[in-house]
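Below is one structure. I have some questions about it.
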Number of protein chains: 2
Amino acid sequence: MISLTTDRPVSPGYRRAMQSRTPASRTGRPRSAAANAAILAATRQALVELGWSRLTLGDVAVRAGVAKTTLYRRWAGKNELVVDAVAELFDELSLPDRGSLAADIEGVVLQFAAILARPEARSGLMAVVAESTRDEALRERIRASIVDRQKRLVLAGRARAQERGELPPEPDAGEAARTVDLIFDMVAGAVVHRTLVSAEPADEEWVHGFTRVLLSGLAAAPRPG
Amino acid sequence: MISLTTDRPVSPGYRRAMQSRTPASRTGRPRSAAANAAILAATRQALVELGWSRLTLGDVAVRAGVAKTTLYRRWAGKNELVVDAVAELFDELSLPDRGSLAADIEGVVLQFAAILARPEARSGLMAVVAESTRDEALRERIRASIVDRQKRLVLAGRARAQERGELPPEPDAGEAARTVDLIFDMVAGAVVHRTLVSAEPADEEWVHGFTRVLLSGLAAAPRPG
DNA sequence: GGAGTTACGCTACGGCTCGTAGCGAAAGCA
DNA sequence: TGCTTTCGCTACGAGCCGTAGCGTAACTCC
């Protein structure tokens, strides 16, 4: 496994948005940012038309109008490429102030559901998660590119709710962090399971019921007064 | 796609536990039940050692001690084979009476988490779910073999809780069915997300916090009296 | 017991994808 | 003008896919 080429073989610190790599590699021909965007867009398109298992890097290269070798110079393989292509989809998530915690949750969950309704997110996201169970580096890439980036929404929503007095303040930092993780797993997990496994739409009615249970629990009255 | 062989090409109604197919196919050499068990066990073993993407049907055939063609005679492809192999893992789930709804939930969630802690379940389950986003028949197979089979646990738990008076009776059948689906998505989704995406163990502490939120909601006191 | 039917093991095959090597040319920087 | 890095292109061995074909084994019905 000794590479004799002049190109870097794997590009380890290669985060998304390649133009933001500040250190090193100041000389020589820079990598084409346009090619990067074209490759990621072509990957999403291929996910839509072919799904995960039939997606091949050669096909993506043809769609993007670049050579197959360019793909292998920038990404270690199919897993890493799809992670980056899917991660871009989640950057559009936001948390507008809708006046109450319940409304805030419903709003962001509906956004999340809309993203998961797109076929490139459905097949791509679950596939890389499956692969990450046997690839620690890939799991970390997913966490950094997708999960942790969106956990900000939970933090912002909780802070806003505490300002409103809807949630009690949490003095213990460790306990607060665990709660954030729990909420994130419950929200993201429920929407993913509803959309992908149950294969039913996470529409307004479902989101309303979900939010009610999340805030008030099962023991509360099944129908709000 | 015209098969000229004497063997049935796909075996459409081929459920799990082949010995229980009562109608039709009364004559001829029966399919070996031992081979079936060996193939599914070999599939799980290959999932552990290779993961989803590197698992090949030829490799499974060698591990199981059968010919590769036997695999293709019984399953349409890799997807269907892994669904059946993984589905067996979930049959051990049960709902012992632990005295309260909270204890019942915690018990079954811990069982579910234990199954998802096994590598053959982790990589196999998510992979077939990802593939099912582009394969309606596969999604239905997953639903019949795994999801609907375990929804019985939610039904039993709710009935038991209603007998205890912990949950109000639901006169509307449609509303009750939607609630069952919602609970199932929330429970299974949260555990799956915690285990696979967050890659943290769903241990007793986490399950305890999850159950508290599920029953009482976020607005309740963060620490139980 | 024989005939009919189905499943099995085995071999072989074309076709496709993989991931890499090697080359000359292009695009920036000193 | 050199130096460095990336690019497109071609070619290649390797591996897996899914199926065909054949002879044999197992079971049922007559």
Requested in this report: Verify whether one side chain among Asn36(A) and Arg74(A) offers a donor that lies under 3.5 Å from an acceptor in the other.
Outcome: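 Side-chain D/A pair, Asn36(A) to Arg74(A): present.
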Query raised in the report: Roughly, in whole Å, what's the span from CH2 in Trp75(B) to C1' in dC17(D)?
Result: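 After rounding, the reported distance stands at 18 Å.
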**Report entry** Distance (rounded to the nearest 0.5 Å) between Glu106(A) CD and Thr211(A) OG1
**Finding:**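 It is 4.0 Å, given to the nearest 0.5 Å.
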Requested in this report: If a pair satisfies ring pair (Phe, Tyr, Trp, His ring centres under 6.0 Å) and one of its residues is in residues 181-203 of chain B, list it, with sequence neighbours excluded.
Outcome: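 Sorted pair list: Phe184(A)-His193(B), His193(A)-Phe184(B).
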Query raised in the report: Do the side chains of Val48(B) and Arg118(B) get nearer than 4.5 Å, heavy atoms only?
Result: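 No, their side chains stay 4.5 Å or more apart.
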Report task. Nearest whole angstrom, please: distance from the P of dA7(C) to the CG of Asn36(B). Result ->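 Computing the Asn36(B):CG to dA7(C):P distance gives 12 Å.
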Query raised in the report: Closer than 4.0 Å, any side-chain N/O of Thr70(A) to the OP1 or OP2 of dG8(D)?
Result: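 Result: yes.
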Requested in this report: Using atom CG of Asn79(B) as one end and atom C1' of dG18(D) as the other, report the distance to the nearest whole Å.
Outcome: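 Value for this atom pair: 14 Å.
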Report task. Compare the minimum distances between each of dT6(D), dG8(D), dT19(D) and the side chain of Thr69(B), then state the nucleotide with the smallest one. Result ->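 Nucleotide nearest to Thr69(B)'s side chain: dT19(D).
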Query raised in the report: Given atom OH of Tyr72(A) and atom P of dT17(C), what is their separation to the nearest angstrom?
Result: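 My rounded result for the distance is 11 Å.
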Requested in this report: Let me know the distance between CG of Leu81(B) and P of dC17(D), rounded to the nearest Å.
Outcome: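 Taking atom P of dC17(D) as the reference, CG of Leu81(B) is at 11 Å.
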Query raised in the report: To the nearest Å, how far apart are Lys68(A) NZ and dT6(D) C1'?
Result: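 Lys68(A) atom NZ is separated from dT6(D) atom C1' by 18 Å.
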Query raised in the report: Are Arg141(A) and Asp84(A) close enough for a salt bridge, meaning some N to O gap below 4.0 Å?
Result: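 Asp84(A) and Arg141(A): salt-bridged.
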Query raised in the report: Tell me: CG of Leu71(B) to P of dC16(D), nearest whole Å?
Result: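 These atoms are roughly 15 Å apart.
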Report task. Please round to the nearest 0.5 Å and tell me the distance separating atom CG of Leu218(B) and atom CG of Leu182(A). Result ->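 One gets 8.0 Å once the value is rounded to the nearest 0.5 Å.
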Contact list (N/O, under 3.5 angstrom) for nucleotides 24-28 of chain D vs protein:
unit_1	atom_1	unit_2	atom_2	d
dA25(D)	N3	Arg29(B)	NH1	3.2
dA26(D)	O4'	Arg29(B)	NE	3.4

Report task. Output, in order, the C-alpha distance, side-chain angles, deciding distance and verdict of salt bridge (Lys or Arg N to Asp or Glu O under 4.0 Å) for Lys151(B) and Asp181(B). Result -> CA-CA 8 Å; Lys151(B) 204 168 278 182; Asp181(B) 290 344; 3.0 Å; yes
Query raised in the report: Rounding to a whole Å, what distance do you find between Arg73(A):CZ and dA21(C):C1'?
Result: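 Value for this atom pair: 11 Å.
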Report task. Please confirm whether the backbone N or O of Ala130(A) pairs with a side-chain atom of Thr133(A), one donor and one acceptor, at under 3.5 Å? Result ->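 Pair found, side chain donor or acceptor close to backbone of Ala130(A).
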Query raised in the report: Are the side chains of Gln150(A) and Arg152(A) in touch, meaning some heavy atoms are under 4.5 Å apart?
Result: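 Sidechains of Arg152(A) and Gln150(A): in contact.
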Report task. Would you jot down, in residue-number order, the residues of residues 38-63 of chain A having a non-hydrogen atom under 4.0 Å from DNA chain D? Result ->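 Within residues 38-63 of chain A, no residue comes under 4.0 Å of DNA chain D.
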